[in-house]
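This one's a predicted model, so the numbers in the text were calculated from it and none came from an experiment. Chain letters run A, B, ... following the sequence lines, proteins first, then strands; residues in each count from 1.
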Protein chains: 2
Amino acid sequence: MSLVVVGSVAYDGVETPHGRVDRMLGGAATYISLASSYFTKTRIVAVVGDDFAQEDTDLLLSHGIDLEGLERVPGKTFFWAGKYSPDMNDRETLQTDLNVFANFEPKLPPRYLSAPYLLLGNIQPKLQKMVRSQMTNVQLAGGDTMNFWIADFREELLATIRDWDFLLINDGEAKMLSGETNLKKAARKILDMGPHTLVIKRGEYGAMLFRGDSYFVVPGYLLDSVFDPTGAGDCFAGGFIGYLAQQGFDLKGDHISRGDLSRAVIYGSVMGSFCCEKFGVERFRTLERAEIDARFEEFRKFTTF
Amino acid sequence: MSLVVVGSVAYDGVETPHGRVDRMLGGAATYISLASSYFTKTRIVAVVGDDFAQEDTDLLLSHGIDLEGLERVPGKTFFWAGKYSPDMNDRETLQTDLNVFANFEPKLPPRYLSAPYLLLGNIQPKLQKMVRSQMTNVQLAGGDTMNFWIADFREELLATIRDWDFLLINDGEAKMLSGETNLKKAARKILDMGPHTLVIKRGEYGAMLFRGDSYFVVPGYLLDSVFDPTGAGDCFAGGFIGYLAQQGFDLKGDHISRGDLSRAVIYGSVMGSFCCEKFGVERFRTLERAEIDARFEEFRKFTTF
C-alpha cells in the first residue's frame with residue numbers, strides 16, 4: 001500500500017576515510033524513498049531547484065517512485081557538505097546552503113492525500129504537523145526529528161509527535177527529548193508523549209524498538225568496509241516503514257505483533273547497511289530485492305542462539 | 001568441570017552518578033570467579049595482603065570458590081579507585097596502589113594443575129604464559145588483556161595468546177591489537193594470532209564472537225539503572241567460561257557448535273548485566289541461579305524476530 005515520504009532532496013559533498021565526492025544526490029527523502037521503494041509504492045514530497053539533474057530524476061523514477069510531489073522551483077537545490085571522523089562515528093558539517101529548501105512548504109498532490117502510510121523526514125515540526133493533518137486515510141504515520149528541533153522548537157515538536165504512531169530517532173536525540181540518560185527510562189517517557197512505538201537508531205551498534213512494556217534490540221550489521229554512512233539512518237526509516245506498508249500493517253490495531261515490528265526493524269537495519277557500502281545512493285543503482293532478503297536471513301543467522 | 005581463574009583480588013574505591021563507595025571488594029579474579037561459580041567449580045589464584053577481610057574471604061567461600069591458591073602475604077592488598085563519567089561509558093583512574101600485587105607470581109596448588117579450564121585475567125602476559133605452561137590437562141584456556149600490554153609488551157603478549165583457545169577483549173583493544181578500525185577485519189587478524197575464538201566486549205552495546213568464518217553478535221541488556229559498571233567485563237568472562245566448563249565443551253574439537261559458543265556469550269552478557277545492578281560485588285550476595293536462567297530467556301525474547 002502506498003507510502004508518502006516528506007523531506008529533503010539535496011546534493012551532498014561527502015568526505016570519508018575512503019574518499020571524497022564533491023556533489024552527489026542526497027537528502028533524507030531521497031534515501032528514505034529509495035529504501036522504501038523495494039517494498040511499497042512510494043510517493044515523494046520535496047522541493048528542488050532548477051539545477052536538479054535529469055539523471056537524478058531518472059534514478060528515482062527507475063525505482064518506481066512517484067515524483068508528482070517533487071516541486072521544482074527557480075534557484076539552487078539544498079546543498080550540504082560534511083567530513084567524517086576516521087572511525088566514521090562523528091561528522092563535521094562543512095557547508096549548509098538551504099537554497100530553495102529554506103522556503104519549503106510541502107504540497108501534497110490530491111492523489112497522495114488518501115495514502116495509508118506516511119513517513120515525515122526531519123523537517124520543521126510545524127510542517128510535519130501540517131502534512132499529517134492533510135492526510136485523510138492514514139493507517140500509520142511517523143517520522144524523524146533532530147537535536148535542533150528538540151532544543152529550540154520543543155513545544156511545536158511535542159504537539160507534532162502527539163499524533164504520530166511511531167517516532168524514529170537516534171540515541172542522543174532520545175536522551176535529549178526525554179531528559180533521561182538511561183534509554184529504557186527515556187523510551188518510557190517518549191512513549192508517554194504520543195507515539196505508540198519508538199525506534200531508537202544507534203548507528204553501528206544497531207537499533208531498538210519499544211512498544212508498551214515490550215522491546216526488541218538488534219545489533220548493527222558488520223560490514224567489511226563502511227564507505228559512507230550518509231543516509232544510513234534514513235534508509236533504515238525507509239526499510240522500516242516500507243516493510244510495514246508492504247505487509248499492510250496498522251500499528252493502531254492490537255493485531256500487530258512485536259514480531260512484525262521486529263522484522264520491520266531488521267529490514268530497516270538491512271537497508272541502512274546496504275547504504276553504507278558505497279558512496280551516497282550508489283548502492284541503490286544495483287541493489288536487488290533478493291539481496292535484501294538474503295541479508296535479512298543473515299541477520300537471523302548472526303543473532304540466533 | 002573445574003576452572004582455574006588467575007588475576008587480581010583487590011579493594012576498589014568507586015564513584016558513579018549513583019553514589020560512592022570508598023573501599024569494597026574488587027579485582028578481576030574476584031568478579032570472574034563469583035560469576036563462574038554459578039556454573040562450575042572455580043579455583044582462584046591471586047595474592048592479597050594481611051588487610052584482606054574475613055568477610056570478603058567468606059563471600060568467596062560462600063560461592064564454593066576454592067581459595068587454596070589465594071596467597072596471603074604481609075602488606076596491603078591491591079587498591080584501585082576510579083570515577084565514572086555521567087553516562088558511565090568512561091572512567092578516570094584516581095588512584096592505583098599495586099601494593100602486594102606488584103610482586104605477584106601466580107602459584108598453582110598441585111591439585112589445580114590438572115583442571116581442564118583456565119581463565120587468565122588481565123595480568124602481565126609472561127605470567128599468563130607461565131601459568132598456561134604449568135597446566136597439564138587443559139581443554140580450554142583463554143583470557144583477557146589490556147591496552148598497556150598491547151602497546152608496551154606486544155611481543156610477550158603475542159607469544160602468550162598464541163597458545164590460547166580464546167581471547168576476550170573490548171573493541172578498543174581489538175582495534176589496537178590488530179591495527180584495524182573495522183571490527184570484522186580486526187577479528188580476522190586476531191584469529192590469525194592463535195586463538196580459535198575471539199570475543200569482543202562492547203560495554204553497553206553488547207558483545208561479539210568470531211570463530212572461523214562465522215560470527216555472532218548480541219546487543220547489551222537494557223538495565224533500568226546501571227549503578228556501577230565496575231567488573232562487568234570480568235563477570236562476562238566468568239559467565240562465558242563458566243557455561244562452557246559446565247557443559248564440558250572443548251573448543252579444540254570440531255564438535256562445538258556456533259550455538260554453544262553463542263549461548264556462552266549470552267551467559268556472559270547475563271552475568272555482566274547483573275554485576276551492574278549494584279555497587280561492586282553486592283549483587284552476588286543475593287543472586288540465584290534461577291535469576292540467571294530467567295535473564296537468559298529474556299535475552300532470547302528481546303532479540304528474536
### Heavy-atom contact with chain A under 4.5 Å, split by part of B:M88
neither
### Query
So which part of B:R300 gets closer than 4.5 Å to some heavy atom of chain A, the side chain, the backbone, both or neither?
both
### Message
Would you say that more than 12 heavy atoms from the other residues, nucleotides or ligands in this model lie under 6.0 Å from the CD of B:E297, or not?
### Response
yes
### Query
Does a sphere of radius 6.0 Å around NZ in B:K184 hold more than 12 heavy atoms from other residues, nucleotides or ligands, not counting ones at 6.0 Å or beyond?
yes
### Query
Is there a ring-ring contact (aromatic ring centres under 6.0 Å, His included) between A:F296 and B:F305 once you walk through the steps?
CA-CA 10 Å; A:F296 181 95; B:F305 58 90; 5.4 Å; yes
### Message
Among B:V226, B:V218, B:I266, which residue has the highest count of heavy-atom pairs closer than 4.5 Å to chain A?
### Response
B:I266
### Task
Under 4.5 Å, counting heavy-atom pairs only, tell me which of B:D224, B:N182, B:T181 racks up the most with chain A.
B:D224
### Task
Quick one: pull up NZ in A:K185 and CG in B:L222 and give me the separation to the nearest 0.5 Å.
12.5 Å
#### Entry: Among A:P219, A:P86, A:S262, residue most engaged with chain B (heavy-atom pairs, under 4.5 Å)
A:P219
#### Entry: A:R285 atom CZ: more than 12 heavy-atom contacts under 6.0 Å
yes
#### Entry: B:T304 versus chain A, the contacting section by heavy-atom distance below 4.5 Å
backbone
### Query
Most heavy-atom pairs under 4.5 angstrom with chain A, which of B:F299, B:Y205, B:F216?
B:Y205
### Task
Counting only heavy atoms closer than 4.5 Å, note whether B:D87 contacts chain A via side chain, backbone, both or neither.
neither
Show me the donor-acceptor pairs within less than 3.5 Å that the side chains of residues 168-179 of chain A make with the rest of the protein, sequence neighbours left out.
residue, atom, partner, partner atom, Å
A:N170, OD1, A:G172, N, 3.1
A:N170, OD1, A:E173, N, 2.8
A:N170, ND2, A:E173, OE2, 3.4
A:E173, OE1, A:N170, N, 2.9
A:S178, OG, A:A174, O, 2.7
A:S178, OG, A:K175, O, 3.4
A:S178, OG, A:E180, N, 3.1

### Query
If you count the non-hydrogen atoms of other residues, nucleotides and ligands that lie under 6.0 Å from NZ in B:K83, is the total more than 12?
no
### Task
Provide the closest heavy-atom pair for B:R258 versus A:F302 in the form atom of the first, atom of the second, distance.
NH1-CA, 4.3 Å
### Message
Counting only non-hydrogen atoms closer than 4.5 Å, does B:L209 touch chain A with its backbone (N, CA, C, O), its side chain (CB onward), both, or neither?
### Response
neither
### Task
For A:E298 and B:Y215, work out which heavy atoms get closest and say how close.
OE2-OH, 4.1 Å
